[in-house]
Amino acid sequence: MNPRLLRWLLPVLLAAGFLVGWQVLHGQLSPSRRFLLPDLAGLIGAFREHGAVLARAAGYTGLAALGGFGLAVVVAVVASVLLASSELARTALYPYLMILQMVPVIVIAPILILWVGPGWPSVIIVTFLISFFPLVVNTTQGLLSVELAQVDLFRMARASRLQAMFLLRVPAALPYFFTGLRISAILAPIGALTADYIVGTTSGGRSGLGITALLFSARNEIPALYATAITGCLLGFAFVGVVSGLAWLTLHRWHDSYSPSDK
Amino acid sequence: MNAPAASTVPPLIRMQALTKRFGAGLPVLDALSLDVAVGEFVSLIGPSGCGKSTLLRLLSGLTPASGGHITVAGRPTGETGDLAYVFQDPTLLPWLKVAENVETLLRLRRMPAAERRRRSAAALGLVRLTDKARAYPRQLSGGQRMRVSLARALALEPRLILLDEPFGALDEMTRDRIGEELLAIRERQQWTALFVTHSVAEAVFLSSRILIFAANPGRVVHDLPITLPYPRNHDTRLAPAYLGLVAEVSAKLRAVEESAGTIFTAA
């Protein structure tokens, strides 16, 4: 069978099988428990009914995720260049970078609200905290993973530190940077959604997917909760898709991970 | 160019009691005194640990000497700009196209773009890779990558080229071909070469002079002129004189390796 066709057909078949299984499972539940797993019609109904609300919430959470993610990228790149340039900085700062990732969001959430207020600013800070670490670790590793002989080559040409950084280390770090970016792109929307759940606000109609889930949950609207979860997944896919596209654009011409297979 | 009388030409490289030591123990290079004249092609051969590669690193200024003096064109190492180094691996930057790789070192010297392009085109022509100028390194074979690495060195228009086992990873056919190309380029250009290798046949084919090193401590035990006339080509490899020299150098090298462990070897 045509392998290209198979690449499309297999996931589609799997999805169809999954939906059929879902529907069958729904039918198998006793009527009193069917609300736990709405049927497909119920799900579509939920999207119809709450589509506008979900879209607005997804937009809000998406923007907040983008804000925190973007901030994480900028700070991580600057920090990585600093860390890669100085062994002293690495030794001194590394433990604290890890602490940044270990910060329990739920615990500091009330503090954040006191500091910067609920909603937008808090959500961005939490998203930043969640997506920063994979970026800074991978990028620093990349900046340091230059072949010794290439460093010698630059030394022999009496390249300045700036030249060695921007003509050698930064390009060499790109594949590592994108590895970190992919991980963070998965974490950022989930982080923003969770943050919205904890530190979000309903005031001014500026609620994200987290607050929306909270409201649906309070009103016991189970199909709408499923719809919210699916919307969150779609947001995550959008992030990962864009980042994968950027990685492809940057790396596919020269990096080995994109070489055409010789099968 | 009008060459002055041989006696008045100062050596390109002058080493006096050159010593290199890493930590305690026997020096990697022990009081080496040696001159290399302009235009020589000198191969360095010997067991591993005899300091051949260290000598190239000393010459390039990558590592400082522990004792003695070393000058290139009358100046201390690290100050001469007209020196090129070819590594064991091609060490190309995979994110740059072939032509850009050849230009890299020129760019680091802030050479104007037009001059860079002229030199890179000329160097790629010399290694016969003009048609690959816009390819990425991963699209090239191992031999082609090494030729790009060579072109990058030639683009510097150096007076001295240091080659550290550059063809060691290539198959024999490719290796022989590149060696022939290197000599053909040398016919048209004037540079002096120091060439580290493990292959006696390669050393004899390329060189005007072979230095056989011994280890522990690293020192030169034989300094052999190779009198085969240039230009040399694939026919040279069949000449009895060439085969005789290969046998002679091999025998000397074997004697050095067999006496390894004893410090007092006849020089």
Side-chain angles (χ1 to χ4, degrees), chain A residues 77 80-81 84-85 138-139 141-182 243-263, chain B residues 53-54 56-64 72 77-98 100-111 116 134-140 145-146 148-149 152-153 155-156 158 160-162 164-166 169:
Chain A
V77 166
S80 302
V81 169
S85 309
N138 279 288
T139 310
Q141 186 63 36
L143 290 170
L144 295 172
S145 301
V146 179
E147 272 180 54
L148 231 49
Q150 288 172 346
V151 175
D152 280 348
L153 185 76
F154 271 58
R155 269 181 62 202
M156 224 174 314
R158 257 153 279 142
S160 67
R161 282 176 75 95
L162 272 181
Q163 284 178 323
M165 181 56 77
F166 289 102
L167 296 177
L168 180 61
R169 291 192 185 276
V170 166
L174 282 175
Y176 294 80
F177 168 73
F178 277 109
T179 302
L181 204 65
R182 272 208 192 109
V243 165
S244 297
L246 285 176
W248 184 85
L249 277 177
T250 314
L251 303 177
H252 77 105
R253 275 185 299 268
W254 60 271
H255 197 250
D256 283 336
S257 61
Y258 292 90
S259 5
S261 85
D262 46 6
K263 270 178 271 181
Chain B
S53 296
T54 303
L56 295 200
R57 292 179 72 82
L58 283 167
L59 277 165
S60 66
L62 278 177
T63 186
V72 178
T77 56
E79 287 181 18
T80 35
D82 41 14
L83 174 150
Y85 202 109
V86 181
F87 294 87
Q88 193 163 3
D89 299 314
T91 58
L92 303 179
L93 306 182
W95 53 87
L96 295 181
K97 289 174 188 161
V98 163
E100 295 166 335
N101 261 292
V102 175
E103 286 178 33
T104 304
L105 301 178
L106 307 177
R107 215 172 140 191
L108 294 178
R109 293 185 179 178
R110 305 182 193 287
M111 184 179 284
R116 265 180 3 222
R134 303 189 60 76
Y136 283 91
R138 77 162 185 210
Q139 295 165 276
L140 305 180
R145 277 178 214 173
M146 193 32 90
V148 175
S149 184
R152 182 176 62 190
L156 291 170
L160 173 64
I161 303 187
L162 309 172
D164 192 359
E165 282 187 67

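Being a predicted model, the structure only gives us computed values, none of them experimental. A, B, ... follow the sequence lines: proteins, then strands. Residue 1 opens every chain.
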(request) Could you pull out all residues at least two apart from B:Thr63 that satisfy side-chain hydrogen bond (donor to acceptor under 3.5 Å, both in side chains)? (result) B:Lys20
(request) Would you please classify the geometry between the A:His255 ring and the A:Tyr258 ring as parallel, tilted or perpendicular, with 30° and 60° separating the classes? (result) perpendicular
(message) Applying a heavy-atom distance below 4.5 Å, give me the residues of residues 166-173 of chain A that approach chain B, sorted by number.
(response) A:Leu167, A:Leu168, A:Pro171, A:Ala172
(message) Under the rule for side-chain hydrogen bond (donor to acceptor under 3.5 Å, both in side chains), what residues qualify as partners of B:Ser60, not counting sequence neighbours?
(response) none
(request) Without swapping roles, check the side chain of A:Arg155 against the backbone of B:Leu62 for a donor-acceptor pair under 3.5 Å. (result) yes
(message) Determine whether B:Leu93 and A:Phe154 satisfy the following criterion, side chain to side chain contact (heavy atoms under 4.5 Å, CB included), listing intermediate values before the conclusion.
(response) CA-CA 11 Å; B:Leu93 306 182; A:Phe154 271 58; 4.2 Å; yes
(request) Let me know if B:Leu96 has heavy atoms under 4.5 Å from chain A in its side chain, its backbone, both or neither. (result) neither
(request) Tell me, with the steps shown, if B:Leu162 and B:Val86 meet side chain to side chain contact (heavy atoms under 4.5 Å, CB included). (result) CA-CA 6 Å; B:Leu162 309 172; B:Val86 181; over 6 Å; no
(message) For A:Phe178, give me all partners under ring pair (Phe, Tyr, Trp, His ring centres under 6.0 Å), at least two apart in sequence or on another chain.
(response) none
(message) For chain A, which candidate among B:Arg57, B:Gln88, B:Lys97 shows the most heavy-atom pairs at distances under 4.5 Å?
(response) B:Arg57
